[in-house]
Amino acid sequence: MKKRFPILVGVSIVTGLIGSLAVKRRQAPLRNYYQEYIGKWRYQKDRQHPEVIVSVTPDYQVLFQDRPEPVSIVELSPNRLVFLDKMGYHIIFERNGDKLTFYDETEGHSYPLEPYDE
């Protein structure tokens with residue numbers, strides 16, 4: 001038994017190393033989906049209202065008309081970025097292909113977003 005113990009330990013170490021290398025190869029690299037939502041966007045509720053500028057900053061802030069809105073991130077996925085505002089309402093950015101929409105739970109309506117160039 002004493003002669004087999006070092007062989008058994010050696011085989012188990014080699015098996016563990018091979019297994020961990022195989023798992024690393026199968027894992028997809030992590031992407032920071034948040035980067036796709038960063039920028040200044042505009043939307044208009046209807047023709048009677050002026051356009052609204054909404055900004056998503058790299059430091060996880062949301063600005064409406066350049067005024068910060070206290071928020072926290074609830075969900076971040078390839079297709080959705082969801083914030084929760086100070087009143088408990090969701091602010092949802094949703095991506096469908098190349099189109100980005102903005103849903104404000106307080107109004108219960110979704111608006112298409114367009115990039116805003118100053």
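We're numbering straight along the sequence, starting at 1. Just so you know, these numbers use all the heavy atoms, side chains as well, and skip hydrogens, waters and symmetry mates.
For N96, there are no side chain to side chain contact (heavy atoms under 4.5 Å, CB included) partners at least two apart in sequence or on another chain. The side chain to side chain contact (heavy atoms under 4.5 Å, CB included) search around S72 returns L84, not counting sequence neighbours. Applying the salt bridge (Lys or Arg N to Asp or Glu O under 4.0 Å) rule to K45 yields the partners E107; only residues at least two apart in sequence or on another chain are considered. Applying the side chain to side chain contact (heavy atoms under 4.5 Å, CB included) rule to K86 yields the partners E69, P70; only residues at least two apart in sequence or on another chain are considered. Here E114 pairs with R42 under the salt bridge (Lys or Arg N to Asp or Glu O under 4.0 Å) rule; sequence neighbours left out. Judged as a side chain to side chain donor-acceptor pair (under 3.5 Å), and not counting sequence neighbours, the contacts of D46 are H49.
Under a hydrophobic-cluster definition in which Ile, Leu, Val, Met, Phe, Trp and Tyr are linked whenever side-chain heavy atoms come within less than 4.5 Å, directly or via other members, I38 and I53 are assigned to different clusters. Both V62 and V52 are assigned to one and the same hydrophobic cluster, defined by single-linkage of ILVMFWY side chains at heavy-atom distances under 4.5 Å. The hydrophobic clustering, which links ILVMFWY residues whose side-chain heavy atoms are closer than 4.5 Å, places V82 and W41 apart. Cluster annotation: Y34 and V71 are assigned to the same hydrophobic cluster (Ile/Leu/Val/Met/Phe/Trp/Tyr, side-chain heavy-atom contacts under 4.5 Å, transitive).
Under a 4.5 Å side-chain heavy-atom criterion applied to ILVMFWY residues, the cluster that includes M87 comprises Y89 as well.
Contact record, V56 with Y37: CB-O, 3.3 Å, taken as the closest heavy-atom pair. The two residues S110 and T101 have their closest heavy-atom pair at OG-CB, 3.7 Å.
Within the structure, salt bridge (charged side-chain N to carboxylate O under 4.0 Å, His left out) pairs that include any residue of residues 72-83 comprise E75-R80, R80-E94 (at least two apart or interchain). Among residue pairs with one or both ends in residues 95-118, those qualifying as ring pair (Phe, Tyr, Trp, His ring centres under 6.0 Å) are Y43-F102, Y43-Y111, F64-F102, F93-F102, H109-Y111; sequence neighbours excluded. Residues in residues 55-65 take part in these side chain to side chain donor-acceptor pair (under 3.5 Å) pairs, two or more places apart or across chains: T57-D59.
At least one side-chain heavy atom of I73 sits less than 4.5 Å from a side-chain heavy atom of F83.
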Check: Given the rule in the side chain to side chain contact (heavy atoms under 4.5 Å, CB included) test, do K40 and L113 qualify, once you have shown the distances and angles that lead to the verdict?
Finding: CA-CA 9 Å; K40 277 193 168 186; L113 291 175; over 6 Å; no
Notebook entry, point to check: Does the side chain to side chain donor-acceptor pair (under 3.5 Å) test come out yes or no for N79 and S77, once each step is laid out?
Noted result: CA-CA 5 Å; N79 300 323; S77 69; 5.7 Å; no
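I91 CD1 to L81 CG: the interatomic distance, rounded to the nearest 0.5 Å, is 10.0 Å.
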